[in-house]
2 protein chains.
Amino acid sequence: MVQTDTVLNDVDKAILRLMQDDARITNVAISKKLKMAPSAVLERVRKLEERGIIRGYTANLDPAALNKELLAFIFIKSADGFGCDTSAKAFAAIPEVQEVHNIAGDDCYLVKVRVANTQALMELRRKRFSKIANILSMRTTIVMETVKETQTISIT
Amino acid sequence: MVQTDTVLNDVDKAILRLMQDDARITNVAISKKLKMAPSAVLERVRKLEERGIIRGYTANLDPAALNKELLAFIFIKSADGFGCDTSAKAFAAIPEVQEVHNIAGDDCYLVKVRVANTQALMELRRKRFSKIANILSMRTTIVMETVKETQTISIT
DNA sequence: GGTGAAAGCTCTTCACA
DNA sequence: TGTGAAGAGCTTTCACC
């Protein structure tokens, strides 16, 4: 259940900032920073989770250590109609696919993939993408260096 | 200190999978799943952190709840020379910028930004990007719908 | 919504294997 | 590297405000 039409107050925002920065921060640490009781913080965190504002918690891993050093963006034109996500869902189901966006303009989809190397990228294209129906064309852009990569939202 | 030239064994990989999936999982829960003592798990997690394989832990927040509903990719051509990250670092310093990649091909940089709306995007372009030196051209692509958005690495 | 006390777990250290 | 025991510290509940 996601309620996004709800206003967050400053305490909620402070909690979100702290947890976005370090998801393993303890309740007690938050409560000390915010000068509240740990039980009050726990209550707010639970509500933020229930409301879908906190979607989950994840560890940020080094791609190189996991042999996933190649990042690429693939622009895909598809014959999917408006509001039809058939091929998008097929892309999303591939573990190496980190993002799938429906974009404005000529290309229909922008897909971000992370794999071991160029060979793995070619195999992914041949074995997975080429089998997805409705694809009209694909254009791949390889990332040479990543300067910043975060999902952090600036909380204002 | 980042040592990426080190081999991870199956226990390390299992820990990384669990923590990537839920960064707030307790040591005890990991130790039960892996049938180890909590102290042994703690030791491994610490080493994964020290080695830079675990870079940190973050909460995954709903952009809509934080009034950051517009996602855009900006392709930027810059006059930066090879190995010169001057403008890339300037992009990375902007809080609304989530990613900065140096890409192969015509465009030099691919920048991912998350803002409130089109007006905020225009302001960001006018007030922040336009003041960064070396920029030759900018092309903005707006995301209409995000089908998948994760940083999860498939651990094999 | 928030507080504070209490019980139950979890974390963390350390001696030992 | 891993285990198990022990103390410290954290989480969670609950009565009360």
Side-chain angles (χ1 to χ4, degrees), chain A residues 1-62 64-67 152-153 155-156, chain B residues 1-67 153 155-156:
Chain A
M1 200 186 324
V2 181
Q3 303 172 252
T4 53
D5 55 339
T6 321
V7 178
L8 295 171
N9 69 16
D10 290 346
V11 178
D12 289 322
K13 286 181 183 174
I15 291 172
L16 293 176
R17 262 185 224 106
L18 290 168
M19 299 200 87
Q20 196 174 222
D21 191 52
D22 174 15
R24 282 181 75 82
I25 188 172
T26 64
N27 246 325
V28 170
I30 298 174
S31 68
K32 278 178 187 161
K33 279 180 197 271
L34 270 47
K35 298 191 167 73
M36 292 169 72
S39 51
V41 173
L42 183 66
E43 183 66 17
R44 277 180 185 264
V45 170
R46 272 212 263 253
K47 282 184 181 156
L48 290 166
E49 289 170 348
E50 276 165 22
R51 289 162 72 189
I53 292 165
I54 296 177
R55 291 171 167 174
Y57 306 96
T58 185
N60 209 241
L61 309 181
D62 176 17
L66 293 157
N67 194 30
T152 306
I153 295 173
I155 301 171
T156 45
Chain B
M1 201 186 323
V2 182
Q3 303 171 253
T4 53
D5 55 341
T6 322
V7 178
L8 297 171
N9 67 18
D10 291 345
V11 177
D12 291 321
K13 286 181 183 174
I15 291 171
L16 293 176
R17 264 185 222 106
L18 291 168
M19 299 199 87
Q20 196 175 222
D21 189 54
D22 174 15
R24 282 181 75 81
I25 188 171
T26 63
N27 247 324
V28 171
I30 299 174
S31 69
K32 278 178 187 160
K33 280 180 198 272
L34 270 47
K35 298 191 168 71
M36 290 170 72
S39 52
V41 173
L42 184 66
E43 182 66 17
R44 277 181 184 263
V45 170
R46 271 213 263 253
K47 280 184 184 158
L48 290 166
E49 288 170 351
E50 275 167 23
R51 289 161 73 189
I53 292 167
I54 295 176
R55 291 172 168 172
Y57 305 96
T58 185
N60 208 240
L61 309 181
D62 176 17
L66 293 157
N67 194 29
I153 296 173
I155 301 172
T156 44

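Residue numbers begin at 1 in each chain, while the letters A, B, ... track the order of the sequences.
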**Asked** Taking atom CG of D10(B) as the centre, does the number of heavy atoms from other residues, nucleotides or ligands within less than 6.0 Å exceed 12?
**Response** no
Rounded to the Å, how far apart are [X] [atom1] and [N] [atom2]?
X      : N       : atom1 : atom2 : answer
N27(A) : dG2(C)  : CG    : C1'   : 14 Å
L42(B) : dT1(D)  : CG    : C1'   : 13 Å
I25(A) : dC11(C) : CD1   : P     : 16 Å
M36(A) : dG2(C)  : CE    : P     : 4 Å
E43(B) : dC11(C) : CD    : P     : 15 Å
K35(B) : dG4(D)  : NZ    : C1'   : 19 Å
I30(A) : dT3(C)  : CD1   : P     : 14 Å

**Residue among L34(A), V11(A), I30(A) satisfying side chain to side chain contact (heavy atoms under 4.5 Å, CB included) with R44(A)** = V11(A)
**Asked** Is the backbone of Q20(A) close enough, under 3.5 Å, to the side chain of T58(B) for a donor and an acceptor to pair up by distance?
**Response** yes
**Prompt:** Where the side chain of R24(A) meets the backbone of G56(B), is there a donor-acceptor pair that is under 3.5 Å apart?
**Reply:** no
For [X], report the nucleic acid contact type (base, sugar-phosphate, nothing); a contact means any heavy atom under 4.0 Å.
X      : result
R46(B) : sugar-phosphate
V28(B) : sugar-phosphate
K47(B) : sugar-phosphate

**Prompt:** From the list dT3(D), dG2(C), dT12(D), which nucleotide is the closest neighbour of the side chain of A40(A)?
**Reply:** dG2(C)
**Asked** Taking for each residue the nucleotide of DNA chain D with the nearest heavy atom, is it R44(B) or R24(B) whose nucleotide lies nearer the 5' end?
**Response** R44(B)
**Request:** Determine whether any donor atom in the side chain of S39(B) lies under 3.5 Å from an acceptor atom in the base of dG4(D), or the reverse, and answer yes or no.
**Result:** yes
